[in-house]
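Reminder, nothing fancy here: chain letters follow the sequence lines and each chain counts from 1.
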Amino acid sequence: MNQADKKKTAAEILTRLGRRYPNPRPALEYTDAWGLLVATVLSAQCTDARVNQVTPELFRRWPSVADLARAEVADIEGLVRSTGFFRNKAKNLKAAAQIIAERHKGQVPRTMDELVELPGVARKTANIVLYNAFGVNQGVAVDTHVKRLAKRLGLSASDRPEAIEAELMALFPQPRWGEVNHYLVFLGREVCTARRPRCANCPLEDLCPKKGLA
DNA sequence: ATCCCGAGGG
DNA sequence: CCCTCTGGAT
């Protein structure tokens with residue numbers, strides 16, 4: 001497929017996934033940076049329903065960044081236990097809160113470099129916060145879902161994350177990179193799974209060179 | 001039993 | 001690159 005065809009495909013993918021996922025945002029209750037950061041960290045290996053139940057409890061108990069920075073890790077663990085990976089999450093959230101309180105005057109930083117310095121925050125989470133809370137199109141953050149989708153759809157043949165990101169960013173319009181990221185992650189999770197993709201349920205089936213395969 | 005919207009460490 | 005951390009949903 002040449003570049004022009006790929007772009008055409010990319011545009012079609014955007015329209016179709018836009019219809020399937022009308023609200024291209026994390027299904028989390030928070031849109032401010034701190035709330036979204038906490039909810040996103042908690043959402044690893046956990047359903048949105050549970051995150052949306054636990055996060056408000058956490059903010060009721062520790063309303064501000066400074067409050068969480070002062071909390072006992074054991075108390076945070078108790079509150080986030082049901083979300084999985086709870087020891088890592090509790091320790092990281094407290095440490096992140098401390099850094100934000102001390103180095104950033106209690107404000108969540110607005111750059112990728114500063115965000116990924118926070119414990120428990122890597123490019124994936126940072127990208128979600130940047131795009132959804134700050135409206136910054138830092139780019140497409142490749143995770144395993146995005147990588148798999150890009151390859152199956154024939155949009156990128158590379159295995160190198162930076163190369164895949166560059167190709168996707170060249171294919172999709174810049175203002176919508178954050179959406180692209182969200183769409184591909186969702187489609188990857190719900191439909192185009194690693195082992196047994198549910199092609200019959202895929203809005204992109206007819207565009208996919210790999211349909212029926214894994 | 002098996003899978004899962006991540007991050008960090010060896 | 002591979003492993004580990006965890007509970008919960010299916």
*Any side chain to side chain donor-acceptor pair (under 3.5 Å) pairs touching residues 64-77 of chain A, not counting sequence neighbours?*
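Checked against side chain to side chain donor-acceptor pair (under 3.5 Å) - neighbours excluded - the pairs reaching residues 64-77 of chain A are A:Ser64-A:Asp67, A:Asp67-A:Arg70.
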*Should A:Asp159 and A:Lys151 count as an ion pair when the cut-off is N to O under 4.0 Å?*
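A:Lys151 and A:Asp159: salt-bridged.
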_Check ion pair A:Arg110-A:Glu114 (N to O, under 4.0 angstrom)_ =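 Result for this pair is no, no salt bridge flagged.
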*What interatomic distance, in whole Å, is found between P of B:dG10 and the corresponding atom of C:dT6?*
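Roughly 15 Å separates the two P atoms.
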Between the protein and nucleotides 8-10 of chain C, which nitrogen or oxygen pairs come in under 3.5 angstrom?
residue, atom, partner, partner atom, Å
C:dA9, OP1, A:Arg50, NH2, 3.1

Between [N] atom [atom2] and [X] atom [atom1], what is the distance in whole Å?
X        : N     : atom1 : atom2 : value
A:Phe86  : B:dG6 : CZ    : C1'   : 17 Å
A:Leu37  : B:dG6 : CG    : C1'   : 13 Å
A:Leu42  : C:dT6 : CG    : P     : 14 Å
A:Asp159 : C:dC2 : CG    : C1'   : 16 Å
A:Asp143 : B:dC4 : CG    : C1'   : 12 Å
A:Ile76  : C:dT6 : CD1   : P     : 15 Å
A:Lys91  : B:dA7 : NZ    : P     : 15 Å
A:Arg123 : B:dA7 : CZ    : P     : 11 Å

*Qualifying residues under salt bridge (charged side-chain N to carboxylate O under 4.0 Å, His left out), relative to A:Arg176, sequence neighbours excluded*: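 Here the qualifying residues are A:Glu179.
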*Listed by chain and number, what are the salt bridge (charged side-chain N to carboxylate O under 4.0 Å, His left out) partners of A:Arg103, not counting sequence neighbours?*
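Applying salt bridge (charged side-chain N to carboxylate O under 4.0 Å, His left out) to A:Arg103 gives A:Glu117.
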Any N/O pairs under 3.5 Å between the protein and nucleotides 8-10 of chain B? List them or say none.
residue, atom, partner, partner atom, Å
B:dG8, OP1, A:Gly120, N, 2.8

*side chain to side chain contact (heavy atoms under 4.5 Å, CB included) against A:Asn137, all qualifying residues, sequence neighbours excluded*: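 Result, side chain to side chain contact (heavy atoms under 4.5 Å, CB included) vs A:Asn137: A:Tyr131, A:Gln174, A:Trp177.
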*asked:* For the CD atom on A:Gln107, are there more than 12 heavy atoms of other groups (residues, nucleotides or ligands in this structure) within a distance under 6.0 Å?
replied: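 No, CD of A:Gln107 has 12 or fewer neighbouring heavy atoms, counting only those of other groups under 6.0 Å.
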*Would you mind reporting whether A:Phe85 and A:Val80 have side-chain heavy atoms less than 4.5 Å apart?*
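A side-chain contact under 4.5 Å is absent here.
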*Should A:Leu93 and A:Val38 count as side-chain neighbours, where that means a heavy-atom distance under 4.5 Å?*
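Yes, close enough: below the 4.5 Å cut-off.
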_Regarding A:Phe85, tell me which of base, sugar-phosphate or nothing describes its non-hydrogen contacts under 4.0 Å with the strands shown._
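Base, at least one base atom sits under 4.0 Å.
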